[in-house]
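Written below as structure tokens is the structure these notes are about.
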Amino acid sequence: MNVNRPPVNRSFGKQDRVVKQRDFDRVHQGKWFAADRWLVVKGSENELGIPRLGLSISKRVGNAVVRNRWKRAIREAFRNGRGDIPAGWDFVVRPRKGARLNGLEIARSLTNLSRRLVRQHQRSSARSGS
RNA sequence: CAGGUCGAUUGGAUGUCCGCUGGUCACUUCGGUGACGAGAGGAAAGUCCGGGCUCCACAGAACAGGAUGGUCGGUAACGCCGACCGGUCGAAAGAUCAGGGCAAGUGCAACAGAAAGUAAACCGCCAAAAUCCGACUCGUCGGAAUGGUAAGGGUGAAACGGUGAGGUAAGAGCUCACCGGCGAUUGGGGUGACCCGAUCGGCCAUGUAAACCCCAUCCGGAGCAAGGUCAAACAGGGAGCAGUCGUUGUUCGCGGCAUGAUGACUUCCGGGUAGGCUGCUGGAGAUGACGAGCAAUUGUCAUCCUAGAUAAAUGGACAUCGAGUGGUUUUCGAAUCACUCACAGAACCCGGCUUAUAGAUCGACCUGAAUG
RNA sequence: GCGGGUGUAGCUCAGUGGCUAGAGCGUCACGUUGCCAACGUGAAUGUCGAGGGUUCGAAUCCCUUCACCCGCU
């Protein structure tokens, strides 16, 4: 899929994750979110210049094995799609109720939702600025 | 070969690319980078028991409360395991049992039934003895009241041993024989639960302790979010009285100086939040050999090191093989296409129990058939 | 990770081992009314979360299991 593209940073270390309770609170208190059939994404700006990912998988999703599969799938989608995801934002992602696990769909959904969310923010701030 | 019983093991394999978390080594601009090697389970689960470890409490003992419950053994310990004993089920291999005590005391046993525990008379059976009435062939018959009777019927989950004989008005352990069960004494075997007997006794004792209770044995409380340690910011505590500033008391008043009290800043100390580090993985450890033991288990020796995350790593994509299901072709050997690959994810560590689990493999035993 | 609690009619709850498991609200039907509400009469409704065990008999006692809720950083 990414064979013909220039090499992108596909690592996913601790600095690329939302870790602190404070950061999660900031994202949840912000008003920016987007959703489709698969995922719900909430976002908030950070000052780091890179995108960060946080996961919120509740016990209702399934047992520990199912929850871990979701986390890995979303992380993998984030890692492989970093070139297409807007920088300078924290995203908290959770699976939508009733969604089935499918890696390709999740990857497409994650990039689309993150870009839509940032677009919304830009439109809104442009409107309030003018 | 068919049917069955019990137990054990395993739980996809290989390769390429891209990632994640520790470890060791090297480099480093101290942010990291590179190389090498490691990285989920039999249940990691439920949290139902038992321990280690840590902190708290504590003179000892008893009570209360809780748990366990055949015997002997194993173990660090257990509610676990092994062997054996007994009851029940099965033709057998085997399975299963909270398996101490209702003959210490108290309670409960609905409905039905006469009666649910020192018995009791609804139907039935009887009228010998004692009472009354009637009949007549005058000492028998019939009846009443009353009484006797637990053999039979019926009720119930359960009705006060069973069979036979004697006995009687009818009956009854009322008496006797045998059988079952109980108690006392006693012989033999076994460490013991218990087993095999002998003598005597009263004729017989309901069920329920996962009802209260009694007996025996065991148990201090909390848990790694324990505990230890380093320690921002804000607020506050203590010490010091050294320095600066402010307020105020001390001489009749004012001002200055001195001195006492107090507040702020500065100095030092302790507690301690966010957060970090530690506890944190080498242990009742794994494998093998030899020995003890029926076994559970255990002794000695040798070899090995095998996860340590913390918004929480152990993954994703592709290819080949393997297994299963379905379709097509078929020279019945197979070929080919599609789909699927159990239950489930460490969180301080062990020993058990319980529950979930696609498929594959192995062993022991029982019954039946055939052959020898 | 640790500790504690609750499951009974559609909903909220009672229920001493023993009759067909009850109450209130709700639902349905009929009556009343010109119509509705209220009222009256009657009716339907349960795997007592699930599976075993003890007992003659279990919603109740015991064991296992499932789901949900609460607390501890």
Side-chain angles (χ1 to χ4, degrees):
Chain A
M1 218 169 144
N2 293 330
V3 178
N4 297 328
R5 297 201 178 170
V8 293
N9 181 9
R10 288 214 235 161
S11 71
F12 183 65
K14 217 170 267 185
Q15 72 282 353
D16 300 312
R17 306 180 191 190
V18 182
V19 168
K20 306 262 187 196
Q21 183 64 47
R22 231 177 288 122
D23 296 330
F24 272 89
D25 289 345
R26 185 159 45 78
V27 172
H28 282 301
Q29 258 144 45
K31 55 181 176 176
W32 306 110
F33 87 100
D36 64 4
R37 298 179 53 194
W38 312 104
L39 300 174
V40 178
V41 178
K42 298 193 78 164
S44 165
E45 287 177 288
N46 61 29
E47 291 82 31
L48 302 171
I50 55 165
R52 294 196 301 179
L53 177 70
L55 293 166
S56 171
I57 317 286
S58 89
K59 245 180 180 171
R60 289 181 179 277
V61 173
N63 59 24
V65 173
V66 175
R67 291 202 301 274
N68 274 339
R69 285 212 191 100
W70 270 100
K71 289 184 201 169
R72 286 166 185 156
I74 296 171
R75 260 190 234 119
E76 196 69 13
F78 183 82
R79 188 172 71 79
N80 288 322
R82 278 187 72 170
D84 299 324
I85 290 174
W89 279 72
D90 288 344
F91 298 104
V92 172
V93 181
R94 67 169 193 266
R96 195 147 175 167
K97 205 158 108 185
R100 297 253 317 273
L101 193 59
N102 182 315
L104 285 173
E105 297 284 352
I106 286 168
R108 206 176 306 139
S109 165
L110 181 65
T111 46
N112 287 342
L113 290 173
S114 62
R115 299 170 94 170
R116 199 204 297 171
L117 191 141
V118 171
R119 243 189 349 266
Q120 276 177 14
H121 173 257
Q122 284 164 350
R123 262 208 308 279
S124 162
S125 58
R127 233 188 350 261
S128 63
S130 67

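Just so it is clear, the values below take in all heavy atoms, side chains as well, and ignore hydrogens, waters and symmetry mates. So that the names make sense, note that chain A is the first sequence line, chain B the second, and so on, each numbered from 1.
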- Would you mind pulling out the nucleotide paired to B:A184, Watson-Crick or G-U wobble, both distances under 3.5 Å? B:U199
- Item | Side-chain donor or acceptor of A:Arg67 paired with backbone N/O of A:Gly62 under 3.5 Å | yes
- When rounded to whole Å, the CZ to P distance for the pair A:Arg75 and B:A317 reads 15 Å
- Query: Does the aromatic ring of A:Phe12 sit over the six-membered base ring of B:G19, closer than 5.5 Å centre to centre and tilted less than 30°?
  - Reply: no
- Which of A:Ile74, A:Leu117, A:Val27, A:Leu113 passes side chain to side chain contact (heavy atoms under 4.5 Å, CB included) with A:Phe91? It is A:Leu117
- Task: Pick the C1' atom in B:G352 and in B:G46, then give their distance to the nearest Å.
- Result: 14 Å
- Syn/anti state of B:A40 by chi, 90° boundary around 0: syn
- Task: Please state the P separation for the pair B:U10 and B:G41 - nearest whole angstrom.
- Result: 12 Å
- Item | Pairing nucleotide - B:C265, Watson-Crick or G-U, each distance under 3.5 Å | B:G243
- Task: For B:G12 and B:G69, measure between their C1' atoms and round to the nearest Å.
- Result: 48 Å
- Can you tell if the side chain of A:Glu105 reaches within under 4.5 Å of the side chain of A:Arg37, non-hydrogen atoms only? no
- Gap between atoms CG and C1', on A:Leu53 and B:G19 respectively (whole Å): 14 Å
- Task: Measure from CZ on A:Arg79 to C1' on B:U21 and round the result to the nearest Å.
- Result: 15 Å
- Between atom CD1 in A:Ile74 and atom P in B:G316, what is the gap in whole Å? 14 Å
- Check whether any side-chain heavy atom of A:Val61 sits under 4.5 Å from a side-chain heavy atom of A:Val66, and report yes or no. yes
Pairwise N/O distances under 3.5 Å, protein to nucleotides 340-348 of chain B:
residue	atom	partner	partner atom	Å
B:G345	OP2	A:Ala64	N	3.4
B:G345	OP2	A:Val65	N	3.4

- Note on the structure: Nearest heavy-atom approach of A:Phe33 to A:Gln120 is O-OE1, 3.9 Å
- Item | Considering all heavy atoms, the nearest A:Gly49-A:Ala87 contact | O-CB, 3.5 Å
- Message: Need the glycosidic conformation of B:G42: syn if within 90° of 0, anti if not. Which one?
- Response: syn
- Message: Looking at B:U310, I'd like to know if its phosphate oxygens (OP1 or OP2) sit under 4.0 Å from a side-chain N or O belonging to A:Lys14.
- Response: yes
- Query: Nearest-Å distance, NZ (A:Lys20) to P (B:G275)?
  - Reply: 8 Å
- Item | Pairing nucleotide - B:A342, Watson-Crick or G-U, each distance under 3.5 Å | none
- Of the non-hydrogen atoms in A:Ala34 and A:Arg116, which two are nearest, and what is the gap between them? CB-NH1, 4.3 Å
- For nucleotides B:A112 and B:G90, find the distance between their P atoms and express it as a whole number of Å. 37 Å
- Message: Roughly how many Å apart are C:G4 and B:G221, using the P atom of each and rounding to a whole number?
- Response: 13 Å
- Taking side chain as C-beta onward, heavy atoms only, is A:Asp16 less than 4.5 Å from A:Arg82? yes
- Task: State whether the side chain of A:Asp36 and the backbone N or O of A:Leu39 hold a donor-acceptor pair below 3.5 Å, judged by distance alone.
- Result: yes
- B:U24 glycosidic torsion: syn (within 90° of 0) vs anti: anti
- Query: Between B:A121 and B:A172, how far is it from one C1' atom to the other, in whole Å?
  - Reply: 15 Å
- Message: Between P on B:A311 and CG on A:Asp25, what's the gap in Å once rounded to a whole number?
- Response: 14 Å
- Task: Answer syn or anti for B:G359, where the cut-off is 90° from 0 on the glycosidic torsion.
- Result: anti
- Rounded to the Å, how far apart are A:Glu76 CD and B:G19 P? 10 Å
- Heavy-atom pair of closest approach, residues A:Pro95 and A:Ser56: CD-O, 3.9 Å
- Query: Which base sits across from B:U146 as a Watson-Crick or G-U pair, both distances under 3.5 Å?
  - Reply: B:A127
- Kindly determine whether A:Asp23 and A:Arg52 satisfy side-chain contact (heavy atoms from CB on, under 4.5 Å), including the steps that lead there. CA-CA 10 Å; A:Asp23 296 330; A:Arg52 294 196 301 179; 3.2 Å; yes
- Note on the structure: Between A:Trp38 and A:Ser109 the two heavy atoms that sit nearest each other are CD1-CB, 4.0 Å
- Query: With both distances kept under 3.5 Å, what pairs with B:C365, Watson-Crick or G-U wobble?
  - Reply: B:G4
- Task: Could you tell me which nucleotide pairs with B:U54 by Watson-Crick or G-U wobble geometry, both distances under 3.5 Å, or answer none if nothing does?
- Result: B:A222
- So do the side chains of A:Leu55 and A:Trp70 get within less than 4.5 Å of each other, counting heavy atoms only? no
- Message: Using a 4.0 Å heavy-atom cut-off, does A:Lys59 contact any base of the nucleic acid, only the sugar-phosphate backbone, or nothing at all?
- Response: nothing
- Sorted by number, the residues of residues 105-114 of chain A with heavy-atom contact under 4.0 Å to RNA chain B: none
- Message: So, taking the atom named CD in A:Gln29 and the one named NZ in A:Lys42, what distance separates them when rounded to the nearest 0.5 Å?
- Response: 9.0 Å
- Item | Separation between the P atoms of B:C350 and B:A40, rounded to whole Å | 16 Å
- Could you let me know what B:A83 is paired to, Watson-Crick or G-U wobble, both distances under 3.5 Å, or none if it's on its own? B:U71
- Item | Separation between the C1' atoms of B:G52 and B:C78, rounded to whole Å | 14 Å
- C:U64 glycosidic conformation (syn if within 90° of 0, otherwise anti) is anti
- Item | G-U wobble or Watson-Crick pairing nucleotide for B:G279 (cut-off 3.5 Å, both distances) | none
- Message: Taking any heavy-atom pair under 4.0 Å as a contact, classify A:Val18: base, sugar-phosphate, or nothing.
- Response: sugar-phosphate
- Task: Grab the stems for RNA chain C, please: at least three consecutive Watson-Crick or wobble pairs, both distances below 3.5 Å, written as range with range.
- Result: C:1-7 with C:66-72, C:10-13 with C:22-25, C:27-31 with C:39-43, C:49-53 with C:61-65
- Message: Can you tell me which nucleotide in C:C69, B:A311, B:A312 comes closest to the side chain of A:Phe24?
- Response: B:A311
- Task: Rounded to the nearest angstrom, tell me the gap between atom CZ in A:Arg60 and atom P in C:A67.
- Result: 13 Å
- Would A:Phe12 and A:Arg17 satisfy side-chain contact (heavy atoms from CB on, under 4.5 Å), going step by step from the backbone distance to the final call? CA-CA 8 Å; A:Phe12 183 65; A:Arg17 306 180 191 190; 3.5 Å; yes
